[in-house]
Amino acid sequence: MGSKISKLNPADFLKLEPTRENKIKEAPYTALPHEDVYHPNQIAKALHPDVQNLVVNKIDVFSDDVKTYTLVADVDEGTKAVAYFSAGQYLSVRLKIGGVELTRPYSISSSPKMALEGYYQLTIKRVEGGLASEYILDNWVEGTKVSVSAPQGVFTYERLRDAKTIVGIAGGSGITPFRSLAYAIENGDEDCSLILLYGSRTVKDILFLDEFRALEARTDKFKLINVLSADDGGEEQGFITADLIKKYAPEGAYSIFLCGPQAMYEFVDKEIEKLNLRKKFIRHELFGEYRNPEKELDYPQEAVGQKFKLTVIVCGKATEIECDANVTLLNAMEKAGILAPANCRSGECGWCHSRLISGNVYVPKRGDGRRLADLKYGYVHPCMTFPLSDVVIDVPPFKA
Amino acid sequence: MNKYDVIVVGAGNGGLAAAANTSKAGLKTLLLEKHNIPGGCATSFKRGRFEFEPSLHELCGVGTKEKPDDIYKIFDSVGAEIDWRYEHTMYRTIVKGEGGYDCVMQAGREAFYDSMELAVPGCREKVKTFIELNDKCDAALDYVEKKNGNPNPLVMVFKHADFMRCASHSVEEVLNALEMPEKAKTILTTYWGYLGVPTDELNCLHFLSMLTSYMDNGAAMPYMRSHELSLALCDIIYKNGGEIRYNSEVTEFIYNEDGTVAGVVAGGEKLYAKEIISNVIADNVFARSKGVALPERDVKLANAREFGISVATIYLGLDATAEEIGIKDYTVFVANDANPRLQNDNRMEGGFYIVNCLNQVIPDASPKGTSMMFFTMPVYGSDVPKDLKPQDYKKYKNDLAEKYIRDYEKVMGINIIDHIEEIAIATPVTFARYLGTPEGTIYGYRTSGWDNVVMRSTAQVKDNGIKNLSFVGGHGIMGDGYSCAYMTGEATAKKVIKRLKGGK
């Protein structure tokens, strides 16, 4: 039976080479194009540029402590258009403050449609002692050039995953991604509804109140409930509790989206637990910079108050700096003027992924976003890593 | 400081294997990677409490400690230890509709023949004859190698005629000659998608070597996703004094006056080497080679070639176990039609896709009470609609994902969508972003009829006009595939080591 293959002529083997040679001969001797000419590469580049050079074009002052900056593409610096994004994403903003080089993630507060019209908005609120927010509020003026990342992050509505109704829980400047989402819903860019529980101290602290009221009037897919802790001028007074969520949540399934300060997460997370929701229906925005590791139960207390030597190797060049036990490796590098790659600064995105060559470190469990093999081979996310001894790390160069 | 023996451009599988070998041989090695982590497709990413594998379902040709095959040896020989896990069911294949079928193929030759016989009674002997052609090809290749690539033509014709037939005919032609029943033919060639070329064009020798590699060893995968494989090789590079730079895209290749390559520019810095090994596809290398007359043949060859397939992938983290959902298999192939050519041509209409559940092989691949699935659709970068705009991309990829998930729910009678806790969707756009390949190809150059792996191997010296610039990876001489990429990396490194150090 096996002999049937003898129907095929083995001499066809001899035709292979001439056929191929002929194909090559007939091909043009013309320069190969850069991959950016291909359509999938163009879409990738448009959505994920390495860097976006922007310029401040307008500033809306809410108060001395809260301003909204409108940023447009800086054509002179090579950025033709701002990248489109999904409501809920953030930009990692690059700042140089004195000798300190750093990045900070800020949620885009404008809508995706506005990006198509040529601009982003970032709403910055002063954080007591916050290096970046103070710098921006006091220094950015019309015409200031700003370098930012591509839109990042996964705090977005995903229709195959999330319930059709989102119960948004915002605290303070955590309102910004929800402003973007509310507009995206109104514009038909996201097909869901948003019931927004917005926690502020007093009526005076509520951001975008008039805009939100106007939005409510234009679409029944958005509803705002102000929850005020120190004033009775809102729909609700007090804090965002399980009962309050139940009061405003719809009959059927809903997804909770949370964005706010860490203190809010700590309080609201406990309230949400009481609702017995499936994990898939609870989504957190980035936790943010992690401070005070010593408050964790598994933190080795003998390290408290210590100062260590941190050796940073970038492209084979070593720099020796100091790092306090309660400062992340990333912050120590930035303070020393070493610009290190970073986006989320919450341990999650892995953009700062670096190799720990030697030394002991502490990584808080809550913010440990490393992959399994990273643990096996000793890699860390410097934005979520504290030294417990002298440390040597190999850090990728900042990609500008 | 900026002078090396070897610069490897790109830390994909081929580049990592090459750099691990050259550094272990004592050569001063620099590995440059444009992304911030190694691996190319061989990596992982996290969403919530899930860690996903971006593109791999399984490696062939691994073997075990007791019975090592090529891939096991590649890692073992440089001292990298991998926690390999194995799967011995090759695949379940479902063809919908009238004349369709639903059958399961087991690994191991006898078990595979038995599975085929069960699906198509009476086909066992023909299947055996077909599969054993691979052994005849292996014997012929051993002979050619023994003769240092210059075999006696008479010996070839009289002793290795079947090799010559397999090497010069498509899978379809060989199966037709063997009078394989139609149904057996399509079940047998279910894996064609792993090579991205339908069976009427796919070189028979190439297909046989891939198929038997899975059949003989089963499939293997690393416990900690492919990130484990990549970091294991990085570890070897570091241990042997090699250097790795991330976020360091090569923007230019620099040449000597005699046309040999002198070095590269990365991160604005000029870096020089005696040998350059490129894991980056030739198109991109040549596009970055300015002010030099590149060899005519090399440029024409790159222009003659078509880009290989990319994939669209859906990654799902589910908040129920596989058992609760009703998933029983590791790999399921689903098609609207049994014919590979139709599967290929109707790929954008949901004609062909593969579904995997990693928990079937690695039960704790995701937390207790959860499971992971991934859907893989072989598609070309050129399949992305020409009029698709960046702002419509999110809708496009979600529509695509929904179509396939709903189809699979219907086929299997299960509910997936209600359990989605995490979802990520990749398309050729995603691979274009992370790999930087033209059209987001992950398979390099298409192993078309004329550009099959047999001829790539035979012509490799002629094809490479710049003698100290070598290519490794999916676009290399062995064609695409996770395993092949490692193999070209190792083999190329050995040649480079020989050129620089002499001796064996």
Side-chain angles (χ1 to χ4, degrees), chain A residues 1-2 4-5 7-13 15-17 19-20 23-35 38-41 43-44 46-48 83-84 86 112 116 154 158-161 278-280 315-316 341 350-351 353 355 369 371-374 376-377 379 396-399, chain B residues 36-37 44 46 51 125-126 129 157 161-162 164-165 167-169 173-174 177-179 224 227-228 231 235 243 245-247 267 283-284 286-287 296-297 299-304 319 381 384 386 388 390-391 393-394 398 401-402 417 420-421 423 428-429 432-433 436 438-440 450 454-455:
Chain A
M1 192 180 337
K4 278 178 188 151
I5 194 177
K7 281 182 279 190
L8 301 176
N9 185 1
D12 285 347
F13 185 75
K15 293 184 201 152
L16 290 177
E17 193 182 4
T19 307
R20 190 170 187 273
K23 270 273 183 192
I24 297 170
K25 207 156 78 191
E26 281 172 2
Y29 182 35
T30 49
L32 276 306
H34 192 277
E35 65 272 19
Y38 300 102
H39 187 228
N41 302 67
I43 297 181
L47 291 170
H48 309 282
Y84 191 70
S86 239
L116 289 182
V154 291
E158 298 301 331
R159 68 172 214 241
L160 296 174
R161 177 195 70 189
R278 287 157 68 192
K279 228 177 160 69
K280 74 174 241 138
C315 291
W351 188 239
H353 190 263
R355 184 167 65 109
R371 302 159 170 95
L372 269 178
D374 289 334
K376 179 175 174 187
Y377 286 103
Y379 287 78
F398 190 94
K399 193 175 178 178
Chain B
N36 75 324
I37 47 168
S44 70
K46 286 185 77 169
E51 182 172 344
E125 280 310 306
K126 284 181 180 170
T129 304
V157 171
D162 282 351
M164 293 173 73
R165 293 186 176 102
S168 60
H169 291 90
E173 286 169 325
V174 173
L178 291 173
E179 291 169 14
M224 301 178 210
H227 193 47
E228 178 183 359
L231 289 190
D235 193 47
E243 200 186 315
R245 289 192 194 174
Y246 297 106
N247 291 349
D283 278 57
N284 289 11
F286 295 159
E296 183 174 344
R297 183 191 171 87
V299 173
K300 284 186 159 192
L301 174 61
N303 275 317
D319 73 349
V384 174
K386 293 281 167 292
L388 183 70
Q391 60 267 33
Y393 179 65
K394 184 177 179 181
N398 275 287
E402 184 169 3
I417 289 195
I420 297 175
E421 179 175 314
I423 181 169
V429 171
R433 173 187 176 194
E439 294 188 343
W450 68 270
V454 178
M455 282 321 296

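The model shown is predicted, which means the values in this text are computed figures rather than measured ones. In what follows, chains are A, B, ... by sequence order, proteins preceding strands, each numbered from 1.
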side-chain contact (heavy atoms from CB on, under 4.5 Å) between Asn303(B) and Leu32(A): does it pass, once the steps are laid out? CA-CA 7 Å; Asn303(B) 275 317; Leu32(A) 276 306; 3.4 Å; yes
Between Lys280(A) and Asp319(B), does at least one N-O distance fall below 4.0 Å, as a salt bridge requires?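 So Lys280(A) does not pair with Asp319(B) through a salt bridge.
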Thinking salt bridges, do Glu421(B) and Lys279(A) make one under a 4.0 Å N-O criterion?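 Lys279(A) and Glu421(B): not salt-bridged.
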Among Pro33(A), Ala44(A), Ala11(A), Pro341(A), residue most engaged with chain B (heavy-atom pairs, under 4.5 Å): Ala44(A)
Among the listed options Val154(A), Asn9(A), Leu16(A), Leu116(A), the residue most often paired with chain B at heavy-atom distances under 4.5 Å: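 Highest number of pairs under 4.5 Å: Leu16(A).
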Residue [X] versus chain B: region with a heavy atom under 4.5 Å:
X         : value
Pro112(A) : neither
His34(A)  : both
Lys376(A) : side chain
Phe13(A)  : both

Nearest heavy atoms of [X] and [Y], plus distance in Å:
X         : Y         : result
His48(A)  : Arg433(B) : CE1-NH1, 3.1 Å
Ala46(A)  : Pro390(B) : CB-CG, 3.7 Å
Tyr246(B) : Pro397(A) : O-CD, 3.2 Å
Glu296(B) : Tyr29(A)  : CA-CE1, 3.3 Å
Val384(B) : Pro40(A)  : CG2-CG, 4.4 Å
Asn398(B) : Glu158(A) : ND2-OE1, 3.9 Å

Measure the [atom1]-[atom2] distance between [X] and [Y] for me, rounded to the nearest 0.5 Å.
X         : Y         : atom1 : atom2 : result
Glu439(B) : Glu35(A)  : CD    : CD    : 12.0 Å
Gln391(B) : Leu47(A)  : CD    : CG    : 8.5 Å
Leu8(A)   : Glu173(B) : CG    : CD    : 6.5 Å
His353(A) : Asn247(B) : NE2   : CG    : 11.5 Å
Trp450(B) : Ile24(A)  : CH2   : CD1   : 5.5 Å

Tell me, out of Val157(B), Val174(B), Asp283(B), who's got the most heavy-atom pairs with chain A below 4.5 Å.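 Going by pairs under 4.5 Å, I would pick Asp283(B).
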Report the option among Pro428(B), Gly440(B), Ala167(B) that has the most heavy-atom pairs separated by less than 4.5 Å from atoms of chain A. Ala167(B)
Can you say whether Val454(B) sits under 4.5 Å from chain A via the side chain, the backbone, both, or neither, judging by heavy atoms? side chain
Any sub-3.5 Å donor-acceptor pair from [X]'s side-chain atoms to [Y]'s backbone N or O?
X         : Y         : value
Asp12(A)  : His169(B) : no
Lys7(A)   : Ala177(B) : yes
Asn36(B)  : Trp351(A) : yes
Arg161(A) : Ile423(B) : no

Within the structure provided, determine whether Arg20(A) and Leu301(B) are in side-chain contact (heavy-atom separation under 4.5 Å). yes
Within-4.5 Å side-chain heavy-atom neighbours: Leu372(A) and Glu51(B):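 Yes, at least one pair of side-chain atoms sits under 4.5 Å.
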Would Ile37(B) and Arg371(A) count as a side-chain contact (heavy atoms from CB on, under 4.5 Å) if you check the C-alpha gap in whole Å, the side-chain angles of each, and the deciding distance to 0.1 Å? CA-CA 12 Å; Ile37(B) 47 168; Arg371(A) 302 159 170 95; 3.4 Å; yes
